[in-house]
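Worksheet for the structure shown next.
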Amino acid sequence: MSSSPPAGAGALDVDALLDDRGTSILVCCGSGGVGKTTTAAALAVRAAERGRRVVVLTIDPARRLAQSLGLVELDNTPRRVGAVGAEAGGSLDAMMLDMKRTFDDVVEAHASPERARSIFDNPFYEAMSTSFSGTSEYMAMEKLGQLRARASVPGGDGSEPWDLVVVDTPPSRSALDFLDAPRRLSSFLDGRFLRLLLAPARAGGRAYAKVVSGAVSSVTGAMARILGAQFLDDLQVFVAGLDAVFGGFRERAEKTYALLASPGTAFLVVATADEDALREAAYFVQRLGAERMPLAGLVLNRVQTTSLPRLSAERSWAAVVHLEGHAEDDDEDGTAPEALSRGEHALAAGLLRLHAARMFRLEREQEMAARFRGEHPEVPVVQVPARPRDVHDLEGLRAVGEDLGRRG
Amino acid sequence: MPPAPAAAPAGGAPGAQDQRAADDRSDDERLLFPGTRLHVVTGKGGTGKTTTAAALAVALSRGGRRVLLCEVEDRQGLARVFGIPPLPYEERSIAATSGGGEVRALAIEPRAALLEYLTLFYKLGRAGRALEKVGAIDFATTVAPGVRDVLLTGKVYEAVRRREPGRGAERPHTYDAVVLDAPPTGRIGRFLGVSSEVSGIARVGPVATQAESVMRVLRSAATRVHLVALLEEMPVQETLDGVAELSRAGFSVGAVVVDQIRSDTLPVELLDDVLAGRVPAAAVRDGLVEARVLRHDATGAAVVEGLLAEAAEHDERLALQEQQHAALATSGRPLVELPLLPGGVDHRGLEVLADRLTDQGLA
């Protein structure tokens, strides 16, 4: 067997994707720990060095992208990354989402100064803008919309606009919240519940409870009992205050959703060749399909490679056994015995042992990759070899980019 | 299939469960964290958090104990680890362990938890349905920030404190321990701390009271947060950050579980010799001929070179692992090590991992 799959219909051509000026948004999604952030950064570097003007957005709370780009700090503003891409006429900016600041900006842009102040002072605001899951996805949508809007006009300093936005997403299923955020927000804003909450504030007090009937009074009554009356008052004021703000936000979030579904966007699902990550990847593929989001392909990250594909795990292991003169059984607990090779051919046996272990993993991984391909023949795949060291500098990102650009 | 070639050296005798009959006092000496009722297991995504939580539950249940294993991420990870159909929102026995122990599992789902909560505590039959109808349940579990996490931690809290039916304050706890497969390190502080956020918002009323009680239990010494790490730079950095963040927020950090340790299967001195060129490539070639990997008349240069390159890469990886191990040690937390099981983790694998956790005093 070969260590890499045959190029062809099933191979993802990353460079063609990056070179296509029609590609204006690239979204990397996938479960946690698969190297999504590194992949996004590597794609951004490669695109810039192929002449694109790129901005890469990460919304991951750990400052991993910053580390891999060698930046000390990523704040809510895109920062130029060295002279990446200058030779090819490209450029690279990187930023990390600061969700509180993005939220503040949205409020300030859409509310009068007094109203903005009353929102900022509400205890709900502090909690919602800093602590709660879900907010980062809403704000990521907001930021993506902003970046895309800025991409179409030159910067204030006369600089050329971006022509490619690369987006990293939060890990696991919450990445799908990224897709769900606008719809959820809309259904919330249009929902009866919000109107219910807004009614008393508009009617000017809690006296409303006496005049509304049936379900409504039992609902608010129940909420007051559970949460306390002060909570309800705060919530009502908060929701009323945000009403105007969110109206504008929803509109843009819906635009961003439409943008994500447009042909200028390409989704890349990132996975490692293990069962869990590939199952999550299959889930993303199916979900993106259901949403009619443009899926470009799968990046199968950190796969085991070898220069000796014909020396299989089985053959290497048989050779080890031959050299050591006896077959070592599995230890009782399923782990291999202390493996110290002895005798004059100890070194050869040791090297074969290492190779056998490597091939064992490689064969397992390729089996799983083949299964994924069988189940999703329409999804182009590119494999990126594992490397002994983590990637945390531009050189490393370039090397990953090379591997991504190597078709198949 | 060849026998599993790469694995950790066997550490300690299996069957530590026989000792589980020992009394509580010797447990106190043996255990890293005696008196822990709630084990929260977090870690960077992809580090083996769910598998570790499952193995810990198995280890804790041995010797006739009952342990509840909870998941909150709606991923059905536990069902996969145990090879069973998806779990409903219901405590369900999923494994019988040695000595008459039992692991039950629960996939906590926020909508169901909220409705249960309303029914139990407020007898909201009709109003509960009304809430559902106007979209309040959707609001609370999806849009309303934080409520979701409060419901999830609240349910765990309830399971930790639950006692068997009967009379008197000294009724035994339903669960000897609860293990929570928690959200990843990036979100754990927010997830566990969300109740304090909510008690800041809802200053009075039952939700505030409940949120305060949940926080009291989560911040007590009876709750330990364990972090699962791999010996790679980013997971290690994230673990160190996580330990600091959790400690600052007033949670008791337990162990750092170093997962998927690949063992050295080639004697280091030999490897050093060959990489430094002290052993001629010809010696390797002779060995390969003897092993019938090469024919007698083959030069075998490419094969020898390929094997040496792989060995060098392996050596680099081991050196990196060593550095990362040292970095993890600076966390000041006990390091508990788990081997990489080359064939993946099945039933037997879980028992192996549980043995290791017991040997190292986590259970």
Side-chain angles (χ1 to χ4, degrees), chain A residues 31-34 61-62 64 123-124 127-128 131-135 171-173 184 188 191-193 196 215 218-219 222 226-228 230-231 307-308 313-314 317 319 322-323 330-336 338-340 345-348 350-358 360 388-390 392, chain B residues 2-10 14 44-47 122 124 127 130-131 134-136 139 142-143 145-146 184 186-187 190 197 200-207 232-234 238 265-267 270 274 279 284 287-288 290-291 293 303 306-307 310-311 313-314 316-317 320 339 342 348 352:
Chain A
S31 56
V34 297
R64 288 181 277 168
F124 269 95
M128 184 164 178
S131 313
F132 290 131
S133 48
T135 307
S172 192
R173 293 278 163 103
R184 231 194 241 170
F188 166 55
R192 280 193 282 171
F193 185 65
L196 199 69
S218 69
V219 166
I226 298 166
L227 300 164
Q230 178 64 42
F231 179 94
S307 60
L308 305 169
E314 193 171 2
W317 191 253
H322 179 86
L323 284 180
D330 265 9
D331 201 346
E332 265 178 43
D333 66 358
T335 59
E338 186 104 36
L340 294 184
H345 295 307
L347 183 57
L351 291 172
L352 284 166
R353 212 182 251 283
L354 278 183
H355 180 71
R358 188 186 188 104
F360 184 71
R389 300 207 151 254
D390 283 348
H392 46 55
Chain B
K44 184 180 182 301
T47 56
Y122 303 101
L124 288 183
L131 284 170
V134 298
F139 168 76
T142 58
V143 181
R187 280 189 287 132
R190 235 187 285 161
E197 296 286 345
I201 294 167
R203 285 169 292 247
V204 291
V207 164
E232 292 166 17
E233 286 170 64
M234 284 184 187
E238 205 166 293
T265 52
L266 186 63
L270 268 179
V274 72
V279 174
V284 178
L288 295 177
E290 169 68 28
V293 169
V303 176
L307 288 176
E310 288 181 3
E313 211 177 86
H314 177 77
E316 194 179 350
R317 206 169 255 142
L320 179 74
R348 186 156 158 253
V352 172

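Below, chain A is the first sequence line, B the second, and so on; all start at residue 1.
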Any donor-acceptor N/O pair, A:H322 side chain to B:E290 backbone, under 3.5 Å: yes
How long is the span from the CG atom in B:L307 to the CG atom in A:L354, to the nearest 0.5 Å? 9.0 Å
With B:E313, which residues qualify under salt bridge (charged side-chain N to carboxylate O under 4.0 Å, His left out), at least two apart? A:R358
Closest approach of A:P388 and B:E316, non-hydrogen atoms and distance? CG-OE1, 3.6 Å
Would you please name every residue forming a salt bridge (charged side-chain N to carboxylate O under 4.0 Å, His left out) with B:E233, sequence neighbours left out? none
Minimum heavy-atom distance B:G287-A:L323, with the two atoms named: O-CD2, 3.6 Å
